[in-house]
Each structure stands twice: as structure tokens, then as C-alpha cells.
> 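Dumping the structure here so I can ask a few things about it.
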There are 2 protein chains.
Amino acid sequence: MSTAPNSQLLKGSLSVMILRLLEGRERMYGYEITQKVKELTAGEMTITEGALYPALHKLEAEGLLTTETQVVDGRARKYYSLTKTGQTEAVGRVAELTAFLDNLNLVLNLKPSL
Amino acid sequence: MSTAPNSQLLKGSLSVMILRLLEGRERMYGYEITQKVKELTAGEMTITEGALYPALHKLEAEGLLTTETQVVDGRARKYYSLTKTGQTEAVGRVAELTAFLDNLNLVLNLKPSL
DNA sequence: TTTAATACCTAAGAATTCTAGGTATATCCA
DNA sequence: TGGATATACCTAGAATTCTTAGGTATTAAA
């Protein structure tokens, strides 16, 4: 959710991040995703659970993710993995987002840094 | 609104685009903004009027834009310009968006193209 | 004369995120 | 022993933004 405190995640970017993170891994569980994003961005980006869990459930309902629950150290973890459809969709949605970001850069005229 | 037909504008990006476009110009009117975005993105990005006008009105209500109406060729145009506050905010919001996009790239791991 | 382009607007709904809770276990520290 | 923090899941309601789908009006082109 935040880069600056309280700034909002750009609409639609969360589900793409989830799909992309899972593209490079066998499986991840929700809490792990929040920690991975924090780690990758040096603490600058935080995924709220109020956004993450509904997003995961929606992707599962769409058939892009499957789950398996496992108890580790007395706590239940729900692991998510990409389905075959999910793998295809991940590629497509990343491409769509990339195209959008390219156009955004054309409008914003910010080539130097990105 | 679209890169692919019907895909959505990322939440929050529109107001930054407006502020950024006005940073480089004296003034612009609504319809001109829609055309400029289309031109800059070779027709790939279209701003819907249903999104644009409420966004302009909100920025004006926040004190970042001022307007002056003028009739040209028998049609009324409403020109928007940055206020002093708007100039400051434009810089800040572009920086915030840039920081967000940098972090998004870290998560998506897409450095090559952007 | 009808269509497309120019130029403004709004209302209702959809979608996503944030805020703010809730539950529960394990670990660390005082 | 007790409390705080970390781990791990969840949901409901509000806020925000965008899409869809209209509306009005003038000018230019077919």
C-alpha cells in the first residue's frame, strides 16, 4: 500500500505482483508475500492484508491459483501456486501492465530514471 | 483508459498525468488533454471523459488548478492552469509516482525495458 | 441533412484498496 | 509468569477511482 505513508497501491497492480512473484517460485503463502515485497523494496512498499487476502481469493476463484494448506510450527499456512491457466495469464497480465507503464512514461516524459 | 481495449487506467495515475502535462504548458482544456494523451501514446491510451472531468474538478476543488473559460469558434473551452500550490504538488506527486514505479519494478523484476 | 468532430457535463455501478477490526499460536524478553 | 511482538489467517465497511452510458450544444464535412 505505501511508498509514502498512506499512499495507495495503484489499482490493479497488486494482482499482477502476486502472479509475477509466483511465476518465479513453486508456491508462496500470504504472509510470505507481504514479507517478500517488503524485502524487495527495502521496506518502502507494504502490502496490507486487507488488500492481499481478497486479491488472493479472487485469483483463486478465477482459476489462476490453487491452494494447499499445511500446518507449520503449529500455525496453518495456506500455500498458493499458479495453475496452468494462471501461468498463461501471468505472462499476459505482466505484458499488459508493462505496455501501460510504457505509455504512462510517454505521457509523463520521465525517461531518465525509468 | 485503455492500452488493451477496456483495460483500466491505474488508479491514481490520471491526476498525476494531468498535473504533469500542465507542468510543461501554460494551460490546457479538457478535450485537448484527451487528444494530447492519444497523440503521445500513438492512440494506445485513451482518457475517458467520465474519468477526466471529475478528476479536473477535484484538482480544482483542491486548489491545484484554476480555470478560465473562453469561447473559440462558437464553442466554450475551459482552460486549466496550475496554481502556485499546484506547481509544488505536481513535483511532489510525480516524485511519489516515480518512487512507486521504481518499487513496482523491483517486485516485478522487469528492469530491461523499464 | 446527417454524421463526425469538437467541447462540456453527470449519475450509477463496478472494482480495488484502506482502515480497522477479529482470531489464534509461538517466541522473545523482562 | 506475563506481555509484547511476530507469525498467520480472515472479513466488513468506507473511500476512491474508473467505466459505462447517458446528456447537451456547436461546427465542419460528406
Side-chain angles (χ1 to χ4, degrees), chain A residues 1-19 27-39 43 45-62 65 67-80 93 97 100 104, chain B residues 1-19 27-39 43 45-62 65 67-80 93 97 100 104:
Chain A
M1 61 140 137
S2 50
T3 284
N6 268 7
S7 79
Q8 332 189 61
L9 208 51
L10 263 60
K11 184 180 183 174
S13 56
L14 178 56
S15 57
V16 181
M17 283 193 271
I18 292 170
L19 294 173
R27 58 183 200 170
M28 296 183 87
Y29 55 99
Y31 187 77
E32 185 185 7
I33 293 176
T34 67
Q35 299 310 299
K36 193 69 191 170
V37 168
K38 218 180 263 179
E39 178 200 322
M45 192 149 88
T46 303
I47 305 297
T48 61
E49 301 188 337
L52 177 67
Y53 290 113
L56 286 170
H57 300 160
K58 196 188 178 205
L59 290 171
E60 189 185 2
E62 290 171 345
L65 302 181
T67 63
E68 41 179 336
T69 299
Q70 208 170 310
V71 176
V72 179
D73 286 332
R75 273 184 293 254
R77 281 183 189 170
K78 201 163 158 188
Y79 285 97
Y80 289 86
R93 293 203 194 181
L97 180 56
F100 174 81
L104 184 58
Chain B
M1 63 143 136
S2 51
T3 284
N6 268 7
S7 79
Q8 332 188 61
L9 206 54
L10 264 59
K11 185 180 182 174
S13 56
L14 177 57
S15 57
V16 181
M17 282 193 272
I18 293 170
L19 293 174
R27 58 184 200 170
M28 296 183 87
Y29 56 99
Y31 186 77
E32 184 184 7
I33 293 176
T34 67
Q35 299 310 299
K36 193 69 191 170
V37 168
K38 218 180 263 177
E39 178 199 321
M45 192 150 88
T46 304
I47 304 297
T48 61
E49 300 188 339
L52 177 67
Y53 290 114
L56 285 171
H57 299 160
K58 196 186 178 208
L59 291 171
E60 188 185 3
E62 290 171 344
L65 302 182
T67 63
E68 42 179 335
T69 299
Q70 208 169 310
V71 176
V72 179
D73 286 331
R75 273 184 292 255
R77 281 183 188 171
K78 201 162 157 188
Y79 284 98
Y80 289 86
R93 294 204 194 181
L97 180 58
F100 174 81
L104 184 58

> Need one value for B:Arg77: base, sugar-phosphate or nothing, where a base atom within 4.0 Å counts as base even if backbone is also close, heavy atoms only.
sugar-phosphate

> Does D:dT11 have OP1 or OP2 under 4.0 Å away from a side-chain N or O of A:His57?
yes

> I want to confirm an ordering. Mapping A:Ser15 and B:Leu56 to their closest nucleotides on DNA chain C, which one lands closer to the 5' end?
B:Leu56

> Over all strands shown, is A:Glu32 touching base, sugar-phosphate only, or nothing at heavy-atom distances under 4.0 angstrom?
nothing

> Once you round to the nearest 0.5 Å, how far does CG of B:Leu104 lie from CG of A:Leu97?
5.5 Å

> Which nucleotide, C:dT16, D:dC10, D:dC18, lies nearest any side-chain atom of A:Lys78?
D:dC10

> Regarding A:Glu68 and A:Arg27, does a basic nitrogen lie under 4.0 Å from an acidic carboxylate oxygen?
yes

> Is it true that B:Arg75 and B:Gln70 share a donor-acceptor pair across their side chains at a distance under 3.5 Å?
no

> D:dT16, D:dT27, D:dA8: which one has an atom nearest the side-chain heavy atoms of B:Lys58?
D:dT16

> Quick check for you: among C:dT10, C:dC8, D:dT7, whose closest atom lies nearest to any side-chain atom of B:Pro54?
C:dT10

> Base, sugar-phosphate, or nothing: which does B:Gly30 touch, judged by heavy atoms less than 4.0 Å apart?
sugar-phosphate

> Given the structure, check if the side chain of B:Lys11 and the base of D:dT16 hold any donor-acceptor pair shorter than 3.5 Å.
yes

> May I ask you to say what B:Gly74 touches in the nucleic acid, namely base, sugar-phosphate or nothing, with a heavy-atom cut-off under 4.0 Å?
sugar-phosphate

> Which one, D:dT19, D:dC9, D:dT26, comes nearest to the side chain of B:Thr48?
D:dT19

> The criterion is side-chain contact (heavy atoms from CB on, under 4.5 Å); which residues satisfy it with B:Glu62, sequence neighbours excluded?
B:Lys58, B:Leu59, B:Leu64, B:Arg93

